[in-house]
Amino acid sequence: MRAELRVGVDIAAPAQLVWDVVTSWERQGEWIPFTRVRRLPGPHGTVGEHVLARTALGPLGFDDPMTVTAWEPPSRCLVEHTGRVVRGSGEFGVQPQGAGSRFTWSEVVSVPGGRLAPLLWRIAAPPLRLGFGVALRRLKRVVENEDR
């Protein structure tokens with residue numbers, strides 16, 4: 001089963017600054033809960049870049065390796081999740097909007113579980129939406145404080 005989660009937030013900062021913050025992989029831990037990200041060897045800031053996110057709460061966690069498949073600064077970055085736990089695609093979008101920007105984040109992932117996948121998604125979706133909401137509020141704060 002494929003599932004999609006899409007969220008967005010208005011940020012009172014220029015699109016380039018929002019782009020710079022969200023695509024600074026190592027900084028994602030400042031705004032994505034329980035997650036640390038690092039660049040892997042290879043190209044940087046382009047299609048083919050590899051990053052590894054580690055999401056964990058205490059000793060429980062998982063690795064989320066990704067490959068950048070589209071790189072269109074300062075408006076769009078698409079990644080392919082290639083790990084055992086998370087498989088699918090993710091996209092960051094940044095659009096100028098008035099005096100600020102609109103940031104959107106979407107994920108289209110495979111939900112494991114066979115026939116139980118729809119039930120598992122109904123259980124997992126609310127806490128995931130909550131976590132994404134926390135991340136967006138943190139991102140807004142980080143970027144707007146940086147723009148001062």
Side-chain angles (χ1 to χ4, degrees), residues 1-11 13 15-97 100-144:
M1 173 189 159
R2 303 288 281 177
E4 182 173 355
L5 188 59
R6 183 176 182 85
V7 294
V9 65
D10 295 329
I11 300 176
Q16 184 66 54
L17 178 57
V18 176
W19 173 264
D20 291 345
V21 171
V22 299
T23 61
S24 176
W25 307 115
E26 292 83 0
R27 291 192 65 190
Q28 287 186 357
E30 293 177 38
W31 56 278
I32 300 176
F34 312 114
T35 301
R36 297 290 175 256
V37 182
R38 65 183 171 93
R39 288 182 48 235
L40 297 176
H44 173 62
T46 188
V47 170
E49 180 171 15
H50 298 283
V51 295
L52 180 65
R54 173 77 182 163
T55 299
L57 183 57
L60 301 175
F62 62 92
D63 289 334
D64 180 9
M66 293 169 264
T67 301
V68 174
T69 58
W71 184 262
E72 302 165 13
S75 60
R76 181 174 175 258
C77 176
L78 183 65
V79 299
E80 188 68 24
H81 298 276
T82 59
R84 291 190 314 220
V85 176
V86 181
R87 298 194 65 79
S89 62
E91 182 175 2
F92 287 161
V94 183
Q95 307 301 320
Q97 179 174 289
S101 306
R102 175 86 179 154
F103 172 72
T104 57
W105 179 8
S106 64
E107 298 284 346
V108 179
V109 296
S110 295
V111 179
R115 292 191 324 244
L116 292 177
L119 174 63
L120 295 173
W121 179 246
R122 280 196 300 274
I123 293 168
L128 286 171
R129 286 185 209 292
L130 179 66
F132 274 53
V134 168
L136 292 183
R137 287 189 297 280
R138 286 180 176 179
L139 174 64
K140 179 178 174 68
R141 186 175 59 246
V142 166
V143 174
E144 289 177 352

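When a residue number appears, it is its place in the shown sequence, counting from 1. Below, all heavy atoms of this structure are taken into account, side chains as well, without hydrogens, waters or symmetry copies.
- Side-chain contact between Ile32 and Trp105 is present, with at least one heavy-atom pair separated by less than 4.5 Å.
- Among all heavy-atom pairs drawn from Gln97 and Asp10, the shortest one is NE2-OD1, 2.9 Å.
- Annotation: side chain of Val143 is not in contact with side chain of Trp31 (no heavy-atom distance under 4.5 Å).
- In terms of heavy atoms, Leu120 sits closest to Gly113 at CD1-CA, 4.0 Å.
- Residues Ala13 and Val18 approach most closely at O-CG2, 4.2 Å, considering heavy atoms.
- For the atom pair CZ of Arg141 and CD of Glu30, the computed distance is 10.5 Å after rounding to the nearest 0.5 Å.
- Looking at Thr104, its side chain never comes within 3.5 Å of a backbone N or O of Gly8 through a donor-acceptor pair.
- Put simply, the side chain of Leu78 reaches to within 4.5 Å of the side chain of Ser89, judged on heavy atoms.
- Side chain of Arg2 to backbone of Val109: no donor-acceptor contact under 3.5 angstrom is found.
- Using a 4.5 Å heavy-atom cutoff, the side chains of Arg39 and Glu26 are in contact.
- Put simply, CZ on Arg76 and OG1 on Thr23 are 14.0 Å apart, with the number rounded to the nearest 0.5 Å.
- Side-chain atoms of Thr67 do not come within 3.5 Å of backbone N or O of Glu80 as any donor-acceptor pair.
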ask   = So Asp64 and Thr55, side chain to side chain contact (heavy atoms under 4.5 Å, CB included) or not? Walk me through it.
value = CA-CA 8 Å; Asp64 180 9; Thr55 299; 5.6 Å; no

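- To the nearest 0.5 Å, atoms CH2 (Trp121) and CG (Leu128) are separated by 5.5 Å.
- Taking both residues in full, the closest heavy atoms of Val68 and Ala70 are given as CG1-O, 3.5 Å, listed atom of the first, atom of the second, then distance.
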key: Worked verdict on Val142 versus Arg27 for side chain to side chain contact (heavy atoms under 4.5 Å, CB included)   = CA-CA 10 Å; Val142 166; Arg27 291 192 65 190; 3.5 Å; yes

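- For the pair Ala124 and Pro127, the tightest heavy-atom approach, listed with the atom from each and the gap, is O-CD, 3.1 Å.
- Residue-environment remark: CZ (Phe62) exceeds the threshold of 12 foreign heavy atoms within 6.0 Å.
- For the side chain to side chain contact (heavy atoms under 4.5 Å, CB included) with Trp25, the lone residue among Arg38, Glu49, Arg36 that qualifies is Glu49.
- Counting only distance, with no hydrogens or angles, the side chain of Glu107 and the backbone of Arg6 share no donor-acceptor pair below 3.5 Å.
- Summarising the geometry, atom NE2 belonging to His81 is positioned 11.0 Å from atom CZ belonging to Arg87; distances are rounded to the nearest 0.5 Å.
- Interatomic distance, Met1 CE to Arg115 CZ, rounded to the nearest 0.5 Å: 15.5 Å.
- Proximity of Pro74 to Val94: side-chain heavy atoms (C-beta onward) are nowhere separated by under 4.5 Å.
- Heavy-atom minimum distance, Val7 versus Phe132: CG2-CD2, 3.6 Å.
- A donor-acceptor distance shorter than 3.5 angstrom exists from the side chain of Thr35 to the backbone of Pro33, with no hydrogens or angles considered.
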